[in-house]
J.: 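One structure follows; several queries about it will come next.
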Protein chains: 2
Amino acid sequence: MVAKQNTQQKILDAAQSLFADTGFNDTSLRQITSLAEVNLAAVNYHFGSKKELIQAVLQRYLRVLMARLDQEFNQLLAVQHPNNLTQVLAVFVKPLLELNSVHTNGTRIFLQLLGRGYTDVQGHLRWFINQHYGRVLDKFVLLVQQSCPELPASELFWRLHFSLGTIVFTMASNEALAEIAQADFNEEVDIEGVIQRLLPYLAAGIAAPVFTRSQPQQQLRSGT
Amino acid sequence: MVAKQNTQQKILDAAQSLFADTGFNDTSLRQITSLAEVNLAAVNYHFGSKKELIQAVLQRYLRVLMARLDQEFNQLLAVQHPNNLTQVLAVFVKPLLELNSVHTNGTRIFLQLLGRGYTDVQGHLRWFINQHYGRVLDKFVLLVQQSCPELPASELFWRLHFSLGTIVFTMASNEALAEIAQADFNEEVDIEGVIQRLLPYLAAGIAAPVFTRSQPQQQLRSGT
DNA sequence: GTACATTTCAAACACTTGTTTAAATTTGTG
DNA sequence: CACAAATTTAAACAAGTGTTTGAAATGTAC
């Protein structure tokens with residue numbers, strides 16, 4: 001017989017799917033514990049509160065992902081010459097795909113959860129991620145900055161968030177999009193295929209020429 | 001003296017702000033009616049249900065915006081030569097900014113609401129928009145297709161959805177992003193600023209060179 | 001002013017939410 | 001085995017949800 005699965009893991013598995021599909025606030029503990037086939041009180045017993053459960057669900061992926069990303073970033077930073085932007089972005093692909101070893105469809109689920117963390121009103125999540133992994137992410141920003149030296153920092157900030165939006169939204173509606181692509185273009189699309197389509201789009205967007213009102217390419221910061 | 005404001009409008013005004021800030025599901029009718037200083041039952045009396053209130057809030061903007069966009073699209077379609085992609089995208093700017101005449105901060109509020117409509121689980125909203133304004137949006141797709149004739153239809157499909165993701169996500173987390181930009185770069189960001197930052201990013205992304213497995217990407221450069 | 005329709009109001013409705021409690025059960029250990 | 005710690009359980013909690021109700025208040029037409 002299948003060994004009795006850990007209650008905590010049953011909860012985490014049930015919670016991540018529901019959170020990814022419905023969002024954090026719109027998923028009730030009763031839905032989670034019912035899907036996990038555990039008692040309602042188990043969440044509060046094992047995790048303390050719903051808020052802490054949300055963090056635990058994300059931690060399972062963040063721990064693995066961020067460690068891997070940190071390696072990759074350090075490797076690129078060690079190189080003397082600035083790296084090509086496409087190369088810098090491509091560094092995400094493998095670590096993200098490896099999340100599928102954390103759980104079935106781990107990559108998709110994690111990216112959806114990430115999106116929920118930003119669009120749902122979950123201030124504590126942004127704080128949590130920044131607190132724990134801000135140092136790693138700063139390395140990425142530095143790498144992008146090196147590969148696009150002529151891009152002002154504020155412009156880069158916005159474009160990286162635009163990119164985050166692209167990724168997150170695409171993953172959130174991945175299922176629907178893949179279905180349409182299949183029907184309209186007879187195209188079989190998996191997560192890896194989507195990522196490979198994303199990279200050129202993101203690279204081009206981030207490195208796009210900076211808009212200026214009057215002049216084609218000149219200064220952006222003038223005065224203070 | 002100020003004439004007694006219509007109860008329906010007081011509700012719409014209160015609802016749109018709260019919906020934009022907190023999302024549809026996380027805003028209660030009691031919050032709305034309390035801010036609007038009307039009785040709780042007024043929402044159900046005047047709009048029928050919360051769902052219909054959500055649609056009414058969006059309709060106030062969609063009606064104006066879509067009529068304007070339809071004009072612009074027809075105008076561009078009438079031209080014989082294919083239009084520049086940047087021009088096609090830029091066509092959104094004026095109609096969007098004119099929403100400020102519907103209500104103070106109308107542009108920001110509408111775009112935030114749109115973002116909420118896609119990220120919150122509001123299936124009825126997607127259906128509603130497509131049902132009412134699908135014909136108008138088809139014209140836009142046609143225009144983009146004409147401006148990027150070398151782009152395969154399936155690639156265009158994905159990139160337009162990437163772009164929708166960028167817009168929707170950016171607007172949904174607009175407040176948070178604006179706060180960070182303010183803190184980190186001492187940059188006052190209004191909705192027009194965000195739109196102007198978005199356009200080059202989207203145009204570059206949509207028109208990016210198509211990824212091919214064998215050949216290396218051409219070097220992407222910022223600045224033209 | 002009477003009669004009628006529209007609108008407002010306080011109260012209650014039935015239901016869901018996250019969390020807590022205290023007893024019952026299972027588990028690990030000497 | 002027996003004892004204690006860890007876990008599970010059903011039940012209740014207080015608070016919040018959208019919606020409905022029926023009586024007041026207001027507005028409108030004759």
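So that the names make sense, note that chain A is the first sequence line, chain B the second, and so on, each numbered from 1.
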J.: Please collect all ring pair (Phe, Tyr, Trp, His ring centres under 6.0 Å) contacts where either partner lies in residues 183-204 of chain B, sequence neighbours excluded, each pair once.
T.: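 Residue pairs passing ring pair (Phe, Tyr, Trp, His ring centres under 6.0 Å), neighbours aside: A/Phe157-B/Phe185, A/Phe162-B/Tyr201.
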J.: According to a strict under-4.0 Å criterion, is B/Thr7 in side-chain N/O contact with OP1 or OP2 of C/dT7?
T.: no
J.: With respect to the phosphate group of D/dA6, does any side-chain polar atom (N or O) of A/His46 fall under 4.0 Å of OP1 or OP2?
T.: no
J.: Take the protein atom CZ of B/Phe24 and the nucleotide atom P of D/dT17, then report the distance between them rounded to whole Å.
T.: 17 Å
J.: B/Asn25 CG to C/dT16 P: how many Å, rounded?
T.: 16 Å
J.: Could you pull out every donor-acceptor pair under 3.5 Å between side chains of residues 33-40 of chain A and any protein atom, sequence neighbours left out?
T.:
from	atom 1	to	atom 2	distance (Å)
A/Thr33	OG1	A/Leu29	O	2.9
A/Thr33	OG1	A/Arg30	O	3.3
A/Asn39	OD1	A/Ala41	N	2.9

J.: Just jot down the side chain to side chain contact (heavy atoms under 4.5 Å, CB included) partners of A/Gln87, sequence neighbours excluded, or say none.
T.: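 Side chain to side chain contact (heavy atoms under 4.5 Å, CB included) check on A/Gln87 returns A/Asn83, A/Asn84.
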J.: Rounded to whole Å, how long is the line connecting atom OH of B/Tyr45 with atom C1' of C/dA11?
T.: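 Going from B/Tyr45 (OH) to C/dA11 (C1'), I get 19 Å.
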J.: Please list, in numerical order, the residues of residues 30-44 of chain B that have a heavy atom closer than 4.0 Å to any atom of DNA chain D.
T.: B/Arg30, B/Leu40, B/Ala41, B/Asn44
J.: Under the ring-ring contact (aromatic ring centres under 6.0 Å, His included) rule, collect the residues that match up with A/Phe47, sequence neighbours excluded.
T.: none
J.: Would you please name every residue forming a side chain to side chain contact (heavy atoms under 4.5 Å, CB included) with A/Arg135, sequence neighbours left out?
T.: none
J.: So, are B/Glu98 and B/Lys94 salt-bridged, with charged N and O less than 4.0 Å apart?
T.: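 No salt bridge links B/Glu98 with B/Lys94.
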J.: Under 4.0 Å between a side-chain nitrogen and a carboxylate oxygen: does that hold for A/Arg108 and A/Glu192?
T.: no
J.: Angle, rounded to 10°, between the helical axes spanning five pairs at each terminus of the helix from C/dG1-D/dC30 to C/dG30-D/dC1?
T.: 10°
J.: Quickly work out the A/Leu53 CG to C/dT17 P distance and round it to whole Å.
T.: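 From A/Leu53 CG to C/dT17 P: 15 Å.
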J.: Considering residues at least two apart in sequence or located in another chain, which fulfil the side chain to side chain contact (heavy atoms under 4.5 Å, CB included) criterion with B/Gln75?
T.: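 B/Gln75 satisfies side chain to side chain contact (heavy atoms under 4.5 Å, CB included) with no residue once adjacent residues are dropped.
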J.: Would you say B/Ser28 reaches D/dT17's phosphate, i.e. side-chain N/O to OP1/OP2 under 4.0 Å?
T.: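 Yes, within the criterion.
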J.: Atom NZ of B/Lys50 to atom C1' of D/dT20: distance rounded to whole Å?
T.: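 Atom NZ in B/Lys50 sits about 17 Å away from atom C1' in D/dT20.
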J.: CD of A/Gln8 versus P of D/dT7: gap in Å, rounded?
T.: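 About 8 Å, once rounded to whole Å.
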J.: A/Phe47 has an atom CZ; how far is it from atom P of C/dT20, in whole Å?
T.: 16 Å
J.: For B/Phe140, what residues pass the ring-ring contact (aromatic ring centres under 6.0 Å, His included) criterion, not counting sequence neighbours?
T.: B/Phe73, B/Phe92
J.: Measure from CG on A/Asn6 to C1' on C/dT27 and round the result to the nearest Å.
T.: 14 Å
